[in-house]
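A short worksheet on the structure shown next.
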Amino acid sequence: MGIPLLGEKFPEMEVLTTHGKIKLPDVYKGKWFVLFSHPADFTPVCTTEFIGFQKRYDEFKKLGAELIGLSVDQVFSHIKWVEWIKEKVGVEIEFPIIADTGKVAETLGMIHPAKGSNTVRAVFVVDPNGVIRTILYYPQELGRNIDEVVRIVKAFQIADKNKVAMPANWPENELFKDEVIIPPPTTVEEAKKRKEQYECLDWWLCHKKI
């Protein structure tokens, strides 16, 4: 089996976490969830990312989204790492962390041999139906932009609800600011009416405010 791709169901698996055993994606049925991986505990960049995700955990929860981390270390190591973060930085990590022996990382395509035997930093954004909507990969030396992950979840929710697409850098697009893009017409008749219905640069590029 190949690694899961966009539009496919997140693979069913039972994982051991700092909150006990859970079944993915079932435990988050009806919710969005973000799974993000790390090469190991007690690594500098990973530590800053864990703090960054926790700092924005309330934002994710307001969007009906949950967080779950992953590191190829055992649970007792995760627990000590979480204790260290609270003691040294004053941030309590509230979301579960998967203890992986390498099986989950392999299933999800987190091992990129050219980058070494450690897992790369992966992010999976999964919708309430258990479908993978976004996959991001980062090398070990580059920390993630957590605000971008929040933006992804928020943008998907608006796009799904309104059947629209999001322009570059939404909600601060250079042309349309926080407006959204109308999907291209599928018939000649629809194309003719498009400029009457929306603001458009042309019939195939129309936008509106939500």
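The figures that follow rest on heavy atoms only: side chains count, while hydrogens, waters and symmetry mates do not.
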Which heavy atom of [X] sits nearest to which heavy atom of [Y], and what is that distance?
X: Val45; Y: Leu142; answer: CG1-C, 4.4 Å
X: Ile181; Y: Val164; answer: O-CB, 3.4 Å
X: Val153; Y: Ala65; answer: CG1-CB, 4.2 Å
X: Lys9; Y: Asn129; answer: NZ-O, 2.5 Å
X: Phe10; Y: Pro25; answer: O-CD, 3.8 Å
X: Ala168; Y: Asn173; answer: O-ND2, 2.8 Å

Are [Y] and [X] co-members of a hydrophobic cluster defined by side-chain heavy atoms under 4.5 Å apart?
X: Phe53; Y: Val91; answer: yes
X: Val131; Y: Ile3; answer: no
X: Leu5; Y: Leu108; answer: yes
X: Leu175; Y: Trp204; answer: yes
X: Val125; Y: Leu136; answer: yes

Kindly compute the distance separating [atom1] ([X]) from [atom2] ([Y]), expressed to the nearest 0.5 Å.
X: Leu67; Y: Phe50; atom1: CG; atom2: CZ; value: 9.5 Å
X: Leu24; Y: Phe124; atom1: CG; atom2: CZ; value: 11.5 Å
X: Ile85; Y: Ile93; atom1: CD1; atom2: CD1; value: 4.5 Å
X: Lys154; Y: Glu59; atom1: NZ; atom2: CD; value: 6.5 Å
X: Ile152; Y: Met166; atom1: CD1; atom2: CE; value: 12.0 Å
X: Asn162; Y: Ile182; atom1: CG; atom2: CD1; value: 9.0 Å

Are more than 12 heavy atoms, taken from residues, nucleotides or ligands other than [X], located less than 6.0 Å from that residue's [atom1] atom?
X: Lys80; atom1: NZ; result: no
X: Glu12; atom1: CD; result: no
X: Glu8; atom1: CD; result: yes
X: Gln74; atom1: CD; result: no

Are side-chain heavy atoms of [X] and [Y] found at a separation under 4.5 Å?
X: Thr47; Y: Lys88; answer: no
X: Arg144; Y: Val123; answer: yes
X: Glu66; Y: Val27; answer: no
X: Val149; Y: Phe60; answer: yes
X: Val180; Y: His207; answer: no
X: Ile22; Y: Val15; answer: yes
X: Val126; Y: Tyr28; answer: no
X: His38; Y: Thr43; answer: no

Any donor-acceptor pair under 3.5 Å linking the side-chain atoms of Gln54 with those of Glu92?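 Glu92 vs Gln54: no donor-acceptor pair found between side chains.
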State whether the side chain of [X] and the backbone N or O of [Y] hold a donor-acceptor pair below 3.5 Å, judged by distance alone.
X: Thr18; Y: Ile79; result: no
X: Asp147; Y: Val150; result: no
X: His78; Y: Ile98; result: yes
X: Glu190; Y: Thr186; result: yes
X: Arg56; Y: Gly52; result: yes

Determine, using ring centers only, whether Phe95 and Phe36 are less than 6.0 Å apart.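 So the answer is yes for these two rings.
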Is the shortest distance from a Lys or Arg side-chain nitrogen in Asp26 or Lys29 to a carboxylate oxygen in the other one below 4.0 Å?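 Here Asp26 does not pair with Lys29 in a salt bridge, since their nearest N and O are not under 4.0 Å apart.
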Salt-bridge criterion met for Glu148 and Arg151 (N-O under 4.0 Å):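 A salt bridge links Glu148 with Arg151.
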Tell me, please, which residues at least two apart from Cys206 pass disulfide (SG to SG under 2.5 Å).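 Cys206 satisfies disulfide (SG to SG under 2.5 Å) with Cys200 only.
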Begin with the C-alpha distance, continue with both residues' side-chain angles, and end with the deciding distance and a verdict on side chain to side chain contact (heavy atoms under 4.5 Å, CB included) for Phe176 and Leu201. CA-CA 11 Å; Phe176 308 137; Leu201 296 183; 4.1 Å; yes
Determine, for Tyr57 and Lys61, whether the Lys NZ or Arg CZ falls below 6.0 Å from the six-membered ring centre while staying within 45 degrees of the axis.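 Judged by the rule, Lys61 and Tyr57 form a cation-pi pair.
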Only counting residues at least two apart or in another chain, list the ones meeting salt bridge (charged side-chain N to carboxylate O under 4.0 Å, His left out) with Arg133.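 Residues passing salt bridge (charged side-chain N to carboxylate O under 4.0 Å, His left out) with Arg133: Asp127, Asp160.
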